[in-house]
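Down below is the structure, laid out as structure tokens.
Numbering of ligands and ligand atoms starts at 1, following listing order.
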Amino acid sequence: MIIDLRSDTVTKPSDAMLEAMLKAPVGDDVFSEDPTINQLESMAANMFGMEAALFCPSGTMTNQIAIKCHTQPGDEVICDELSHIYQYEGGGIAFNSGCSVKLLKGNKGRITAAQVLEGINPDHDYKAVSSLVSVENTTNRGGGACYNCIDLQDIKEVCLKYNLKLHLDGARLFNALIAKQETTKEYGNIFDSISICLSKGLGTPVGSLLLGTAAFIKKGRRVRKVFGGGMRQAGYLAAAGIFALENNIHRLAADHLHAKQIGEALSKKDFVTNLVEPETNILVFEVLQPYTPVSFVEFMARNEVLAFAISPTQVRLVTHLDITPAMVTRLLSIIEKM
Ligand SMILES: *Cc1c(COP(=O)(O)O)cnc(C)c1O
């Protein structure tokens, strides 16, 4: 029994999800004729109280389409230095949109309205035009930390005042909503665009959604085609998304409980330090003597537990829907004996 805690992207579709996929009516989505994709898009837009949605192959694509639609070449995007859009999307902000970035040093990947205000360039010929702010919730490199809605409202005020667009990289937004007991509608109210991943905690094999106004999504569809993301009978994948939105949101609380239990066991160990108290399903900690992150990961692998050394000092563990309570119990006993 392998316990794979490298990422919440490693989940396999359940039998019930596969059954829903097999039964999906499909059509050519480039002609907007896939009924299952159309259903998923309108379902997601309604959940967030937003006008429209766009089904895409990945969260990188939904983020990159949003950045492209909100900016002009030469503009500047404001985000935290740990942001996925900056760290893990292959330089796409420059490659796809021709934009520079203003990196803010936030707290666990979270930025404040005051920092955003300070990050906006003055209106001079020699300065890039600040046109977009992107925030991440939950934060990936920040150890799954969540924003409070009120702090996002403050960022929105600054954006409105200075005429900047506000994008949410909500790859794990549902983890934040469950942890903070917030609603999709609150988020739909704040952001110009939202990206959510169906293939992380929600457990589908493929897929992300971009949400926004009808005009924004119309433009986004065009950019998706240019980026090579126009899909045909992808309703089989959208059916997994519908299944996930209907069945896999509330159970995220179990993943959060598992992360907490594992975190408590780790924090009792002398070789673990700077463990970021898990707010959701991600645990990030530093490893000390007699282990290194690499030797810790190797030790775990010998015990059929897969972990991820994310830096020369840090290890990351992520819980997800394929991690059972029995697996957590086994992991706790492995940690105890270390
Ligand atoms: C996983 C992730 C994405 C999207 O990743 P894809 O692998 O392209 O789907 C975007 N943002 C964050 C914060 C993520 O964790």
Polar-atom distance check: [X] versus ligand 1, any N or O pair below 3.5 Å?
{"X": "Cys197", "value": "no"}
{"X": "Glu89", "value": "no"}
{"X": "Glu136", "value": "no"}
{"X": "Ser199", "value": "no"}
{"X": "Ser208", "value": "no"}

Ligand-residue contact atoms, ligand 1 with [X], heavy atoms, under 4.0 Å:
{"X": "Asn63", "result": "10 (C), 11 (N)"}
{"X": "Asn140", "result": "13 (C), 14 (C), 15 (O)"}
{"X": "Ser58", "result": "8 (O), 9 (O)"}

Please determine whether a side-chain nitrogen of the Lys or Arg among [X] and [Y] lies less than 4.0 Å from a carboxylate oxygen of the Asp or Glu.
{"X": "Glu279", "Y": "Arg110", "answer": "yes"}
{"X": "Lys23", "Y": "Glu19", "answer": "yes"}
{"X": "Lys12", "Y": "Asp4", "answer": "no"}
{"X": "Asp8", "Y": "Lys200", "answer": "no"}
{"X": "Arg141", "Y": "Asp80", "answer": "no"}

**OP:** Could you walk me through whether Asp75 and Leu132 pass side chain to side chain contact (heavy atoms under 4.5 Å, CB included), step by step?
**Re:** CA-CA 8 Å; Asp75 286 358; Leu132 175 64; over 6 Å; no

**OP:** Return the residue, atom name and 0.1 Å-rounded distance of the protein heavy atom closest to atom 11 (N) of ligand 1.
**Re:**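 Looking only at protein heavy atoms, the one closest to atom 11 (N) of ligand 1 is Asp169 OD2, 2.6 Å.
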
Original post:
atom 9 (O) of ligand 1: which protein heavy atom is closest, and how many Å away?
Top reply: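 Minimum-distance protein heavy atom for atom 9 (O) of ligand 1 reads Gly59 N, 2.8 Å.
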
**OP:** Check each of Lys200, His84, Arg172 against atom 2 (C) of ligand 1 and report the one with the nearest heavy atom.
**Re:**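 Nearest option to atom 2 (C) of ligand 1, by heavy atoms: Lys200.
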
Original post:
Between Thr60 and ligand 1, which residue portion shows a heavy-atom distance shorter than 4.0 Å: side chain, backbone, both, or neither?
Top reply: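 The answer is both, backbone and side chain.
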
**OP:** Taking all non-hydrogen atoms of both residues into account, name the closest pair between Asp255 and Arg251 and its distance.
**Re:**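 Shortest heavy-atom contact: OD1-NH2, 2.6 Å.
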
**OP:** Report yes or no: do Asn63 and Glu89 form a side-chain donor-acceptor pair below 3.5 Å?
**Re:**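 Looking only at side-chain atoms, Glu89 and Asn63 do form a donor-acceptor pair, the distance falling under 3.5 Å.
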
